[in-house]
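Accompanying notes for the structure given below.
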Amino acid sequence: MAIRYERPYSHSAHWARRLAWLGLVVFIAAAVSHRFGPLTTPHFLVLAGTGAALSLLAVVLAGIGFIRLWQVGARGGKAAFVALLLAAPPLVVAGYAAHAYLTRPMIYDVTTDPFSSPPWLKVPVARQDFLERPPVTLRDREIQAEAYPELTGRRYEGALDRVLEGVRKVADEQGIVFSEEAGLENVISDLEDLAVKPDDTSGESAITVVPVPSARPLEEGFLPRVGGPSDVLLQGEWRSLVFGFRFDVSIRLREEAETALVDMRVASRYGPHDLGLGAAFAERYLKALDAELLGIAGN
């Protein structure tokens with residue numbers, strides 16, 4: 001009489017695979033809806049956290065499945081392995097976020113000028129829900145200086161209009177979309193660029209037309225100024241590449257002693273902690289600006 005051995009069935013391993021699938025679908029749906037759809041950051045964090053929690057539970061059940069496979073040879077090894085693969089993306093992202101939350105300072109607003117940061121032309125307003133942002137204090141600026149000592153303003157030799165052109169170009173490359181501008185009347189092109197050279201053809205003298213700028217009363221006296229009397233201010237929005245977290249950006253240009261001083265401010269729109277993304281973006285932008293302007297930044 002033949003004896004047939006029936007392997008036990010690991011319910012935990014197969015439930016791990018189901019939960020891992022569910023967690024991954026919830027996480028991806030939340031990420032796509034936040035990046036390209038109407039889902040706000042607070043709701044994204046709730047859904048993404050739910051997906052990560054389901055993935056963590058799947059890992060625990062998969063571990064039980066592997067233990068059962070080792071002890072009694074229970075079926076479910078493949079299901080447990082698939083569960084681990086499916087649970088990896090949400091858990092890796094959640095782990096990175098947790099690490100950044102614990103190791104980076106709890107601030108959401110960073111600037112290259114802690115004592116006089118570039119102002120907002122239009123104060124950003126967003127429904128915070130449970131991610132309320134406290135007011136920025138002097139202590140926050142001190143914490144930023146300790147955590148990001150290399151985040152400083154840039155000084156470039158050259159006319160203000162040339163520096164502004166580089167600022168706009170790098171902003172476009174880095175994904176900043178400007179929505180507010182002020183002080184553009186302070187940008188004066190070089191006289192050499194304004195002059196129209198005569199066209200010498202057939203030995204005849206041509207009439208040279210020199211444009212004469214006219215006064216602009218609205219820009220000179222009727223519009224309220226924001227910032228210093230010679231500042232150029234640009235305000236826009238930047239979104240992180242993968243998940244689309246929203247950051248408000250303010251860039252200030254100021255002409256001082258034949259040089260142009262560029263300062264920057266980056267603030268997360270939601271929550272009291274930006275996980276270090278704001279400072280990382282500001283440093284990346286300023287390095288790209290240095291490269292664009294031939295690396296002539298000074299202290």
Side-chain angles (χ1 to χ4, degrees), residues 107-125 133 135-138 140-142 144-145 148-189 216 218-220 223-239 246-269 274 277-299:
I107 54 177
Y108 65 89
D109 189 316
V110 296
T111 178
T112 58
D113 189 350
F115 301 101
S116 179
S117 60
W120 301 117
L121 295 173
K122 183 177 181 181
V123 179
V125 177
R133 300 187 310 175
V136 179
T137 63
L138 180 59
D140 294 330
R141 298 308 188 196
E142 294 174 352
Q144 175 204 314
Y148 311 112
E150 297 181 356
L151 186 59
T152 58
R154 298 294 197 268
R155 188 182 298 275
Y156 301 99
E157 296 179 358
L160 192 62
D161 60 325
R162 304 293 178 85
V163 177
L164 177 60
E165 181 181 354
V167 166
R168 290 186 183 276
K169 181 179 179 181
V170 176
D172 184 66
E173 294 173 352
Q174 297 294 325
I176 301 177
V177 179
F178 291 121
S179 57
E180 304 289 337
E181 299 176 341
L184 295 182
E185 67 274 9
N186 296 319
V187 180
I188 302 177
S189 301
R216 305 180 191 178
L218 287 180
E219 293 180 351
E220 291 177 356
L223 292 181
R225 287 188 177 274
V226 180
S230 61
D231 292 350
V232 176
L233 296 173
L234 305 174
Q235 180 176 335
E237 177 186 296
W238 170 74
R239 300 191 68 182
R246 296 179 182 272
F247 288 79
D248 295 292
V249 180
S250 178
I251 299 177
R252 180 180 63 203
L253 292 82
R254 178 176 295 171
E255 195 167 23
E256 293 182 353
E258 299 183 355
T259 62
L261 180 63
V262 179
D263 282 299
M264 187 176 188
R265 181 180 183 181
V266 182
S268 173
R269 191 170 294 181
D274 68 353
L277 296 177
F281 172 72
E283 291 176 354
R284 184 169 72 248
Y285 175 87
L286 292 173
K287 288 181 180 179
L289 187 61
D290 290 344
E292 175 65 25
L293 298 177
L294 303 180
I296 57 175
N299 296 325

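Every heavy atom of this structure was used, including side-chain atoms; hydrogens, water molecules and symmetry mates were not. Worth saying up front: this structure is predicted, and the values here are computed from it rather than measured.
Across every non-hydrogen atom of Leu151 and Ala282, the tightest pair is CD1-CB, 3.7 Å. Residues Val110 and Gln144 approach most closely at CA-OE1, 3.3 Å, considering heavy atoms. Residues Arg154 and Thr152 share a closest heavy-atom pair of NH1-O, 2.9 Å. Across every non-hydrogen atom of Ala267 and Asp109, the tightest pair is CB-OD2, 3.7 Å. Contact record, Ala260 with Leu160: CB-CD1, 3.9 Å, taken as the closest heavy-atom pair. The minimum heavy-atom distance between Val249 and Trp120, with the atom names listed, is C-CZ3, 3.8 Å.
A distance of 8.0 Å separates CD of Glu142 from OG1 of Thr137, quoted to the nearest 0.5 Å. With rounding to the nearest 0.5 angstrom, the CZ atom of Arg239 is 13.5 Å from the CZ atom of Phe281. For the atom pair OH of Tyr108 and CG of Leu277, the computed distance is 16.0 Å after rounding to the nearest 0.5 Å. The distance from atom CD of Glu256 to atom CZ of Arg155, rounded to the nearest 0.5 Å, is 5.0 Å. Atoms CZ and CG, from Arg269 and Asp248 in turn, are 4.0 Å apart once rounded to the nearest 0.5 Å. Interatomic distance, Glu255 CD to Asp161 CG, rounded to the nearest 0.5 Å: 8.5 Å.
Not a single donor-acceptor pair under 3.5 Å links the side chain of Glu283 to the backbone N or O of Glu150. Gln235 places a side-chain N or O within 3.5 Å of a backbone atom of Leu121 that can act as its donor or acceptor partner. In this structure a side-chain-to-backbone donor-acceptor pair under 3.5 Å is present from Arg133 to Ser268. Panel note: side chain Ser250, backbone Pro119; a donor-acceptor pair is recorded below 3.5 Å. Formation of a donor-acceptor pair under 3.5 Å by the Thr112 side chain with backbone atoms of Asp263 is not found in this model. Panel note: side chain Glu237, backbone Arg246; no donor-acceptor pair is recorded below 3.5 Å.
A heavy-atom distance below 4.5 Å is not found between the side chains of Tyr285 and Val266. Between Thr111 and Arg141 there is a side-chain heavy-atom pair separated by less than 4.5 Å. Counting only heavy atoms from C-beta outward, the side chains of Leu293 and Val170 never approach each other to under 4.5 Å.
Partner of Val163 under the side-chain contact (heavy atoms from CB on, under 4.5 Å) criterion, out of Leu253, Val187, Leu289: Leu253 alone.
Aromatic ring orientation, Trp238 versus Phe247: tilted (interplanar angle from 30° to 60°).
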Step by step, work out the side chain to side chain contact (heavy atoms under 4.5 Å, CB included) result for Ser179 and Lys122.
CA-CA 9 Å; Ser179 57; Lys122 183 177 181 181; over 6 Å; no

Output, in order, the C-alpha distance, side-chain angles, deciding distance and verdict of side chain to side chain contact (heavy atoms under 4.5 Å, CB included) for Val262 and Met264.
CA-CA 7 Å; Val262 179; Met264 187 176 188; 5.8 Å; no

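Within a 6.0 Å radius of CD in Glu173, more than 12 heavy atoms belonging to other residues, nucleotides or ligands are found.
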